[in-house]
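Have a look at the structure below, then the notes.
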Amino acid sequence: MELIGEITADRPLLVLAVKEEAQFLDTDLPVLLTGMGKVNAATSLATVLGRGTRPSGVVNLGTAGALRPGWTGTHVVGTVIQHDLDGELLATLTGETYGAPLALPDGGDVTLATGDAFISDEAARARLAARAPLVDMEGYALATACGLAEVPIRIVKHVSDEAGDGAARTWRESVADCARALADWAAAHTPYRS
């Protein structure tokens, strides 16, 4: 976890997983790098939100794999689901619902599937494509932490790969272009400079 800058109540906090995704950010806004995966994302953001001054909102910028053909570019997420938690089974065991889909008020109509597995094979991609067009490793955890802290969140993802065979290589090759697109989005849609 690395927090760059100071959180104030009148500005949003930009949250990204890794420095590669943040490499072109040139902003006065505070930036939190959480590390990859749901545990890193949730614990890092919860720690920062629990320290004191809370931001006016959180903007999660990051890369995502495309689960369906033709998905490219930058997308504002409207619903986030957790693809690696068997909520139905847990409900039969406990009678309680865990991991229900989360609707994001300022989002679009795009659903993002979050899980700790980097999707890089065709079978997993096909299975997830029935539930969502995009996949990442942090969005659901960040939305959950924000919901518990009553801090609004926007999730913005730029497609880095096709979440199938060769996805890891493609992510490494495309992350700089994705980082540039995410920085451009932030400059156009946030109070990027004071």
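Owing to the predicted nature of the structure, the values given are computational and were not obtained by experimental measurement. Residues take their numbers from the sequence shown, with the count starting at 1.
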Please answer: with hydrophobic residues joined when any side-chain heavy atoms are less than 4.5 Å apart, are Val159 and Leu61 in the same cluster?
no
Between Val18 and Phe118, is there shared hydrophobic-cluster membership here, with clusters defined by ILVMFWY side-chain heavy atoms closer than 4.5 Å?
yes
Roughly how far apart are [X] [atom1] and [Y] [atom2], rounded to 0.5 Å?
{"X": "His75", "Y": "Thr72", "atom1": "NE2", "atom2": "OG1", "answer": "6.0 Å"}
{"X": "Arg54", "Y": "Glu150", "atom1": "CZ", "atom2": "CD", "answer": "7.5 Å"}
{"X": "Leu102", "Y": "Thr111", "atom1": "CG", "atom2": "OG1", "answer": "11.0 Å"}
{"X": "Leu49", "Y": "Leu148", "atom1": "CG", "atom2": "CG", "answer": "10.0 Å"}
{"X": "Cys178", "Y": "Glu173", "atom1": "SG", "atom2": "CD", "answer": "11.5 Å"}
{"X": "Arg172", "Y": "Asp161", "atom1": "CZ", "atom2": "CG", "answer": "10.5 Å"}

Please work out which of the three classes, parallel, tilted or perpendicular, describes the rings of Trp185 and His189, given edges at 30° and 60°.
parallel
Considering all heavy atoms of both residues, which atom of [X] and which atom of [Y] are nearest to each other, and what is their separation?
{"X": "Val156", "Y": "Leu182", "value": "O-CD2, 3.9 Å"}
{"X": "Ile153", "Y": "Leu104", "value": "CG2-CD2, 4.0 Å"}
{"X": "Ala124", "Y": "Ile119", "value": "CB-CG2, 4.0 Å"}
{"X": "Asp116", "Y": "Asp84", "value": "N-OD2, 2.8 Å"}
{"X": "Ala66", "Y": "Leu134", "value": "CA-CD2, 4.1 Å"}

Would you mind reporting whether [Y] and [X] have side-chain heavy atoms less than 4.5 Å apart?
{"X": "Pro133", "Y": "Arg68", "result": "yes"}
{"X": "Leu29", "Y": "Thr190", "result": "yes"}
{"X": "Thr79", "Y": "Leu112", "result": "no"}
{"X": "Lys38", "Y": "Met137", "result": "no"}
{"X": "Asn60", "Y": "Leu16", "result": "no"}
{"X": "Ser56", "Y": "Pro12", "result": "yes"}
{"X": "Ile155", "Y": "Val76", "result": "no"}
{"X": "Cys146", "Y": "Leu45", "result": "yes"}

Does the pair Arg51 and Ile7 meet the rule for a side chain to side chain contact (heavy atoms under 4.5 Å, CB included), with working shown?
CA-CA 10 Å; Arg51 281 186 182 159; Ile7 295 174; over 6 Å; no
If you measure only the distance, is there a donor-acceptor pair under 3.5 Å linking the side chains of [X] and [Y]?
{"X": "Glu21", "Y": "Thr63", "value": "yes"}
{"X": "Thr34", "Y": "Asn40", "value": "no"}
{"X": "Thr74", "Y": "His158", "value": "yes"}

Judged by atom type as modelled, is there a donor-acceptor pair below 3.5 Å linking the side chain of [X] to the main-chain atoms of [Y]?
{"X": "Arg125", "Y": "Glu162", "value": "yes"}
{"X": "Thr114", "Y": "Tyr140", "value": "yes"}
{"X": "Arg154", "Y": "Val59", "value": "no"}
{"X": "Thr27", "Y": "Tyr192", "value": "yes"}
{"X": "Arg131", "Y": "Ile81", "value": "no"}

Crowding at CG, Asp10 (>12 non-hydrogen neighbours, <6.0 Å):
yes
Would you check, one step at a time, whether the test side chain to side chain contact (heavy atoms under 4.5 Å, CB included) holds for Val15 with Leu142?
CA-CA 9 Å; Val15 177; Leu142 296 170; 4.0 Å; yes
So Thr170 and Ser160, side chain to side chain contact (heavy atoms under 4.5 Å, CB included) or not? Walk me through it.
CA-CA 7 Å; Thr170 304; Ser160 59; over 6 Å; no
Starting from the C-alpha separation in whole Å, work towards a yes-or-no answer on side chain to side chain contact (heavy atoms under 4.5 Å, CB included) for Val48 and Met1.
CA-CA 10 Å; Val48 168; Met1 175 181 95; 4.2 Å; yes
Mind running salt bridge (Lys or Arg N to Asp or Glu O under 4.0 Å) on Asp28 and Arg11 for me, showing each step along the way?
CA-CA 10 Å; Asp28 297 332; Arg11 300 183 309 162; 5.8 Å; no
